[in-house]
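Below is one structure; the comments refer to it alone.
These numbers were taken from a predicted model, which means no experiment stands behind them.
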Amino acid sequence: MRCRVFAGLLGVLCAGALLTSCTPSHSKCSMAPTAGTFVGTLIERRGSTATFRVVRVVPDGRDASPIRPEAGRLAVVRYERHEEQFLRTGDRYLVTVWPDPKGNGFFSSVHMANHDCSGGTVHADGSAIDTSLRHQPHLHHVVFAFAAVLAALALLVGAWMAGTRRRQRRAVEALRRSAS
């Protein structure tokens, strides 16, 4: 009886926690002053940086940096957490950049559709960049390695089982011979 009461109480508490965690947040995203926003064509990705040819600069009213992107020039933008992998060379993007605290030009992040407050790089038309798991190249390597290990393990288990079956058959045949 005590277990049922405890389980019911635990269920009510968990349901309450789930319901309150699902309510929409009314907080606004706070953004630091930017170095600018530009439309640019991605011409190269190298490591965690992406190089854009700036097509035009878009005034956004939050520009507060002495270093700003300029139309017709290159802008080297650093991304963290392997976000540059979602950008495709030759595509145009609308990029909001901030001064890089490491002193290497600019930094930005990829705006993700499921994160309202995520950062500053979107497609040139303003749509979010697809960052689903199936589009993450570094995960493709992990999945491929995992599949290769599973296949090798299956082969080893199969060979072990075939050897065990062969030994069992020999033992049964030897018992039959000795019984006759």
Side-chain angles (χ1 to χ4, degrees), residues 14-153:
C14 288
L18 285 174
L19 288 175
T20 58
S21 67
C22 294
T23 58
S25 173
H26 296 289
S27 66
K28 293 186 178 184
C29 304
S30 64
M31 292 285 215
T34 69
T37 300
F38 64 88
V39 174
T41 304
L42 179 64
I43 59 172
E44 180 184 30
R45 284 186 334 192
R46 181 176 294 167
S48 64
T49 63
T51 304
F52 295 90
R53 177 161 315 281
V54 179
V55 175
R56 67 183 169 88
V57 176
V58 179
D60 67 359
R62 295 182 298 159
D63 305 347
S65 173
I67 304 169
R68 294 188 177 152
E70 298 175 24
R73 307 203 75 185
L74 296 180
V76 178
V77 181
R78 184 177 56 83
Y79 290 87
E80 293 181 350
R81 298 183 315 261
H82 303 288
E83 290 181 344
E84 74 285 345
Q85 70 180 325
F86 302 114
L87 306 176
R88 300 199 185 278
T89 304
D91 287 359
R92 278 196 176 183
Y93 296 97
L94 178 64
V95 185
T96 300
V97 292
W98 290 266
D100 191 351
K102 296 179 181 178
N104 300 329
F106 306 110
F107 78 92
S108 187
S109 60
V110 171
H111 175 70
M112 299 175 196
N114 58 343
H115 293 97
D116 291 336
C117 293
S118 62
T121 302
V122 295
H123 289 288
D125 64 1
S127 62
I129 296 168
D130 186 10
T131 57
S132 62
L133 285 177
R134 63 187 175 94
H135 288 101
Q136 296 187 14
H138 68 280
L139 287 181
H140 290 190
H141 298 296
V142 172
V143 169
F144 179 74
F146 184 71
V149 167
L150 279 179
L153 188 61

Legend entry - From S109 atom OG to F86 atom CZ, the distance as rounded to the nearest 0.5 Å: 11.5 Å
Legend entry - Straight-line distance of R73 CZ to R68 CZ, nearest 0.5 Å: 15.0 Å
Inset, instruction - Answer yes or no: is there a side-chain heavy-atom contact under 4.5 Å between E84 and S48? - result: yes
Legend entry - Considering all heavy atoms, the nearest A128-H111 contact: CB-CD2, 3.7 Å
Inset, instruction - Look up atom CD in E44 and atom CG in L87, then write down how far apart they are to the nearest 0.5 Å. - result: 13.0 Å
Inset, instruction - Give, for atom CG of D100 and atom CZ of F106, the distance between the pair rounded to the nearest 0.5 Å. - result: 10.0 Å
Inset, instruction - Identify the two heavy atoms, one from I43 and one from T89, that lie closest to each other, and give their separation to 0.1 Å. - result: O-CG2, 3.6 Å
Inset, instruction - Assign the ring pair Y93 / F52 to parallel, tilted or perpendicular, where the plane angle (0 to 90°) is split at 30° and 60°. - result: perpendicular
Legend entry - Shortest non-hydrogen contact between V122 and G126, atoms and distance: CG2-CA, 3.9 Å
Inset, instruction - Would you mind reporting whether Y79 and T121 have side-chain heavy atoms less than 4.5 Å apart? - result: yes
Inset, instruction - Keeping the roles fixed (side chain from R45, backbone from Q85), state whether a donor-acceptor pair exists under 3.5 Å. - result: yes
Inset, instruction - For L42 and D91, run side chain to side chain contact (heavy atoms under 4.5 Å, CB included): C-alpha distance rounded to whole Å, both residues' side-chain angles, the deciding distance at 0.1 Å, then the answer. - result: CA-CA 6 Å; L42 179 64; D91 287 359; 5.7 Å; no
Inset, instruction - Locate the shortest heavy-atom distance separating T34 from V97; write the atom from each residue and the value. - result: CB-O, 3.4 Å
Inset, instruction - Find the distance between CD (E83) and OG (S108) and round it off to the nearest 0.5 Å. - result: 8.0 Å
Inset, instruction - Considering non-hydrogen atoms only, spot the tightest contact between R53 and G72 and give its length. - result: NH1-O, 3.9 Å
Inset, instruction - State whether the side chain of T41 and the backbone N or O of R92 hold a donor-acceptor pair below 3.5 Å, judged by distance alone. - result: no
Inset, instruction - Locate the shortest heavy-atom distance separating A71 from V55; write the atom from each residue and the value. - result: CB-O, 3.8 Å
